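Inspection log for the structure reproduced underneath, given as structure tokens.
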Amino acid sequence: MSDTKFTEEHEWIRVEGGIGTIGITDYAQKQLGDVVYVELPEPGRKVEKGKDMAVVESVKAASEVYAPVSGEVVEINAKLKDEPATVNAAPMAGGWFVKIRLSDPKELEGLLSETAYRDFVRGLH
Amino acid sequence: MNRERITISGDRALAIEEPLIFEQGRPGCSGVDLPEPSGQARLGRFERNGPIGLPDLSEPQIVRHYTRLSQQNYGIDTGFFPLGSCTMKHNPRLNEKLARLPGIADLHPLQPVSTVQGALEIIDTLAHWLKVLTGMPAVAMSPAAGAHGELCGVMAIRAALEAAGDPRKRILVADSAHGTNPATAAACGYTVEAVPTTKEGHVDLDEFKRRLGPDVAGTMITNPNTCGLFERDMIAIAEAVHGIGGYFYCDGANFNAIVGRVRPGDLGIDAMHINLHKTFSTPHGGGGPGSGPVVLSAALAPFAPLPYVVHRGKAFELVEQRDDGQAFGRLKAFHGQMGMFVRALAYMMSHGSDGLAQVSGDAVLNANYLLACLADVLTPAFPGPCMHEALFNDSSLKDTGVTTLDIAKALIDEGYHPMTVYFPLVVHGAMLIEPTETESKDSLDRFIASMRGLVERAKAGDAAYFQDAPRHAPRRRLDETTAARHPILRWRPESAKGEAAE
Amino acid sequence: MRYLPLTEPDRRAMLSRIGVLDIESLFKDVPDAARLRGPVDLPSFKGEIEVERLFAAMAAKNLGTARAPSFLGAGAYRHHVPAAVDALIQRGEFLTSYTPYQPEIAQGTLQYLFEFQTQVALITGMDVANASMYDGASAAAEAVMMATRITRHGRAVLSGGLHPHYREVIATHARFLGFTLDLAAPDPNGAEDLIPRINQGTSCVVVQYPGFFGHLRDYAALAEAAHKVGALLVVVVTEPVALGAVTAPGDMGADIVVGEGQPIGNALSFGGPYVGLFATREKYVRQMPGRLAGQTVDKDGRRGFVLTLSAREQHIRREKATSNICTNSGLCALAFTIHLSLLGEAGFARLARLNHLAALRLSERLAGVPGVEILNDNFFNEFTLRLPVPAAGVVENLAGRGILGGVPASRLYPAEANLADLLIVAATELNTDEDGERLVSGLREVLR
């Protein structure tokens with residue numbers, strides 16, 4: 001898990017071979033409550049660091065998911081369409097949202113480490 | 001309750017289960033007796049092939065079906081309905097009668113204007129009352145609801161700025177505003193910037209001024225605001241926004257608190273919608289239809305949408321097109337919610353200028369009475385006095401395991417419609433209670449007793465009681481998660497369900 | 001005052017409990033400059049008798065369609081509404097309820113909305129429908145905005161057979177949201193070809209069925225052409241009674257069907273309140289504006305209904321909502337649902353047929369009036385006449401004879417000189433043959 005990076009908007013990204021897998025954190029899914037729908041970008045779309053990339057909906061809330069880094073969407077987690085509950089059950093594993101090909105791996109440097117993110121979340125309360 | 005002792009039918013006296021209309025009926029039944037058509041249709045290839053799939057039932061079956069459905073609803077006629085920010089006041093039946101008069105209900109919107117002079121007189125008279133009550137020079141009558149009125153007002157603002165050559169970019173919206181405000185600004189092509197609320201529940205004037213700039217088109221402020229308070233700084237806000245050449249939109253959803261006592265025009269606003277279905281008692285009808293006329297300042301009046309009524313000598317005329325191109329456009333077909341105009345005007349005339357001041361006075365009195373009688377068990381979000389609604393936060397429920405929602409559900413069992421919960425968003429676990437002026441003191445006292453009893457029960461540690469509520473409603477808590485994850489938005493015949501599953 | 005239950009002793013007791021001297025003290029936050037010192041300049045309180053008298057006097061100045069042979073249509077239609085409809089919608093539990101935010105005590109509203117959604121989906125031939133919109137025109141504008149969101153294309157093609165008010169409402173939203181329109185010229189002959197106007201930038205093509213001038217057109221090829229470039233076909237229905245007789249728009253390839261529900265169950269009421277219909281394909285449901293009732297179960301496992309997919313709406317999404325709409329047209333939707341339930345499959349088909357036949361008979365009569373030309377090869381219950389003189393004057397003249405003779409096209413298209421002679425005429429099940437005779441003889445006299 002050490003190569004996983006986080007944002008203050010509660011996204012995570014794990015990079016392997018130039019491809020980053022992105023999802024929302026356990027803290028984020030708890031804040032949202034039961035996730036009922038995830039709107040994902042179509043593969044091929046270019047996303048830009050810090051700009052909205054997906055929408056996650058619970059019964060009483062809807063929230064933008066921002067791209068932690070820039071790149072091109074190469075794969076989406078199609079399973080979420082029928083089983084949005086996966087985001088609640090396994091936000092950091094089976095509940096991933098998209099995979100993107102990073103256009104500038106240097107952007108990763110500005111993101112939070114796991115420890116730094118934990119401290120950040122602790123500071124929210 | 002002993003769930004084992006269920007009846008054979010499954011019904012319980014007046015609590016009768018009712019299937020969908022699609023699960024009833026049989027071919028051969030009909031609820032109408034229309035004449036036998038004679039003659040040959042000439043629809044050619046457009047003639048429909050095959051059935052639509054509508055059920056066939058007789059009139060008694062239909063009447064019973066919808067009567068039973070109605071009995072699963074709570075209305076103002078049923079009991080106390082203190083839904084904050086919605087102004088659920090009594091709906092006089094005289095208004096229903098008048099809206100159905102021949103010569104009103106049977107008018108076609110495109111009849112020659114010479115044949116609808118009385119209808120135009122009704123619109124014009126209502127417009128006059130609205131202008132006098134708000135102290136504003138003009139009113140656009142056509143918006144169909146509050147949010148539609150917001151759209152009208154912000155479009156007028158944009159049109160005025162465009163005419164001056166600079167539409168600008170941002171609209172400042174209070175963070176306590178109804179969700180329709182930011183949605184409206186966005187629908188008019190503006191970006192939205194939130195203005196924070198002070199600890200006292202008012203728009204933060206310093207923060208407001210800090211956000212002003214030459215790219216600000218205007219601001220949207222609710223007054224009285226959604227915290228149930230009069231915005232003391234209205235005049236200063238108006239001066240500040242006018243100072244940068246912007247416009248002041250006031251959300252008039254809470255006009256009931258000040259009608260007949262304060263004219264928003266005296267506060268320096270440029271536009272305000274009036275929910276006829278709130279302040280002027282046209283029925284909410286389960287969520288509409290509403291009506292949201294918008295009063296406009298002299299600066300915005302030339303940009304009002306079509307159509308509007310003008311006087312020509314002793315006659316009324318309807319302006320449906322305008323050549324000078326100043327009108328920003330049209331918001332709906334025809335001329336507005338006539339049926340609602342009649343009801344609202346009848347309500348206003350019934351009260352008169354003196355009665356309307358009593359309306360706001362009693363509405364504010366009732367809310368402050370609730371605030372005073374509950375302040376020792378619930379925590380007021382802001383110090384009083386309040387306007388027409390009393391707002392509490394959930395701090396007194398802290399560590400009880402009981403939430404605002406649980407209190408609402410327990411109130412259902414007590415025989416009340418719950419207050420507004422979790423709005424405004426700026427107050428934690430908000431409970432917004434709006435009694436309106438049409439509630440008697442006895443009614444308020446009974447509600448206060450229930451509310452006090454519930455809070456005491458929560459503090460005594462009986463969380464399970466609340467989490468299980470409601471027990472006595474036609475339904476217990478419903479599974480909204482499943483509804484949203486796997487939406488079933490219409491009935492389908494059994495055969496089609498099988499196909500869909502494959 | 002009959003609507004205010006507080007008595008003076010009540011008020012005094014309450015003020016003393018609050019700890020203030022008078023009601024005025026509760027308004028202490030109001031700036032002094034804005035506080036009224038006395039009542040506003042309007043008449044004072046009136047009893048029920050006086051108010052009734054005032055309204056009866058204003059109503060008497062109008063010529064209602066119930067008192068005159070009426071052939072008015074053009075987006076609002078006079079039909080017979082069974083007595084049960086009005087009796088049921090006036091039940092207080094329907095009339096005085098609110099948006100069903102507390103579903104446990106709003107199952108009545110939620111279930112009829114679910115029935116309404118099903119009925120609208122069925123008659124339009126679509127998968128799903130919402131719980132209603134303000135009216136047909138605002139529904140049409142919402143449809144164009146939805147198509148813009150789905151396709152991310154910025155140009156909508158509007159048919160010349162689309163109701164002019166609908167075109168204006170769409171144009172108003174386009175102006176502020178920055179999408180563009182390709183407006184086809186008014187099409188009184190029902191002959192336009194929109195396919196050449198479709199290109200890669202097209203978000204949707206909006207047509208009306210039956211058209212504003214009464215024509216029925218087959219839109220299957222248009223749908224295909226739109227779909228080829230990823231655009232949607234939006235079909236507008238202003239006279240839903242037609243759907244009891246004609247092929248559903250969904251069967252022609254429509255992606256969104258919107259319409260005006262007034263003709264089923266609702267009075268003309270001088271143009272409002274009406275009820276907008278909005279239906280679409282399953283795959284677009286999350287892009288659909290407005291409220292939706294959905295089926296679920298309660299804690300005891302019993303079927304029940306809730307408002308659902310509300311995360312798209314303004315009270316949650318605020319500036320990112322699919323629409324700023326909050327209110328629907330619940331009670332008008334209920335009237336629609338009850339009327340359509342009374343009609344049923346057989347009654348709806350019969351009502352539609354009666355309308356069509358009444359219009360056919362009327363057209364045959366009018367065809368015999370010298371100088372009158374009928375522009376339609378086909379129609380449902382409405383068609384367009386070309387008169388030898390401007391139609392507005394003829395209509396005014398007929399009104400003087402107590403006949404509401406139709407809608408002159410110039411009322412809605414005042415700037416189009418070539419439409420000045422056109423008169424749009426509708427007939428419904430309420431038009432008798434005698435009505436038709438009166439119009440024919442009236443026209444003969446006026447045109448002589």
Side-chain angles (χ1 to χ4, degrees), chain B residues 31-32 37 39 46 54 56 66 69-70 72-77 98 101 103 105-110 112 115 118 144-145 147 179 182-184 186 188 192 230 266 285-290 329-330 333-334 337-339 352-353 355 361 369 372 385 440-441 473 475-476 483 488-491, chain C residues 5 10 14 18 23 26 29 34 39 42 44-45 58-59 61-64 66 72 88 91-93 96-97 99 104-105 107-109 118 134 137 165 168 172 246 267 269-273 294-296 298-299 304 308 314-315 318-319 321 324 326-327 329-331 342 344-345 347 353 357 399:
Chain B
V32 293
F46 294 100
L54 298 171
D56 293 289
Y66 289 103
L69 289 193
S70 76
Q72 298 177 27
N73 259 12
Y74 195 102
I76 305 165
D77 287 1
L98 298 180
L101 285 179
D106 62 343
L107 291 182
H108 189 284
L110 298 176
T115 65
T184 297
C188 295
V192 176
F230 193 94
D266 295 338
R330 170 180 278 280
F334 312 122
Q337 306 284 66
M338 182 65 173
S353 58
Y369 182 67
S440 69
K441 179 169 179 295
R475 283 292 177 275
R476 302 190 66 211
I488 302 173
L489 304 175
R490 59 171 287 192
W491 172 87
Chain C
D10 286 338
M14 293 162 78
I18 297 164
I23 287 178
L26 298 171
D29 281 344
L42 289 166
S44 63
F45 149 87
M58 290 192 280
K61 294 177 190 167
N62 303 317
L63 177 62
L72 298 153
L88 287 167
R91 288 189 61 89
E93 304 92 328
T96 74
S97 61
T99 304
E104 299 89 345
I105 47 172
Q107 286 298 301
T109 298
T118 306
Y134 302 141
H165 282 177
E168 289 170 34
T172 301
V246 302
S269 193
F270 201 48
Q295 183 181 314
T296 187
D298 79 350
K299 206 170 172 181
T308 191
Q314 48 75 26
H315 62 281
R318 298 177 81 85
E319 68 267 26
N324 85 327
C326 176
T327 310
S329 198
L331 205 68
L342 284 161
E345 182 80 28
R353 201 174 170 82
L357 294 173

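Since the structure is predicted, the reported quantities are computational estimates derived from the model, not experimental observations. Proteins get letters first, then strands, A, B, ... in listed order; numbering begins at 1 in each.
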How about C/Arg91 and B/Ser70: does a side-chain donor come under 3.5 Å of a side-chain acceptor?
yes
Do B/His108 and C/Phe270 have their ring centres less than 6.0 Å from each other?
no
Distance (rounded to the nearest 0.5 Å) between B/Phe230 CZ and C/Asp29 CG:
8.0 Å
Residue set satisfying side chain to side chain contact (heavy atoms under 4.5 Å, CB included) with C/Thr99, at least two apart, ordered chain then number -> C/Tyr101, C/Arg291, C/Leu307
Judged by atom type as modelled, is there a donor-acceptor pair below 3.5 Å linking the side chain of C/Glu345 to the main-chain atoms of B/Leu54?
yes
What distance separates B/Arg330 CZ from C/His165 NE2, expressed to the nearest 0.5 Å?
3.5 Å
Best-contacting candidate, B/Asp266, B/Asp77, B/Leu69, B/Asn73, against chain C by heavy atom pairs under 4.5 angstrom:
B/Asn73
To the nearest 0.5 Å, tell me how far B/Arg475 CZ sits from C/Lys299 NZ.
15.0 Å
Quick check: closest heavy atoms across C/Asp10 and B/Lys441, and the distance to 0.1 Å?
OD1-CD, 3.8 Å
Donor-acceptor pair, side chain of B/Ser353 and main chain of C/Leu42, under 3.5 angstrom:
yes
Counting distance only, does the side-chain N/O of C/Ser269 pair as donor-acceptor with the main-chain N or O of B/Ala105 below 3.5 Å?
no
With rounding to the nearest 0.5 Å, note down the distance linking OG1 in B/Thr115 to CG in C/Leu63.
5.5 Å
For B/Pro37, the side chain to side chain contact (heavy atoms under 4.5 Å, CB included) test, sequence neighbours excluded, returns C/Arg350, C/Arg353, C/Leu354, C/Leu357
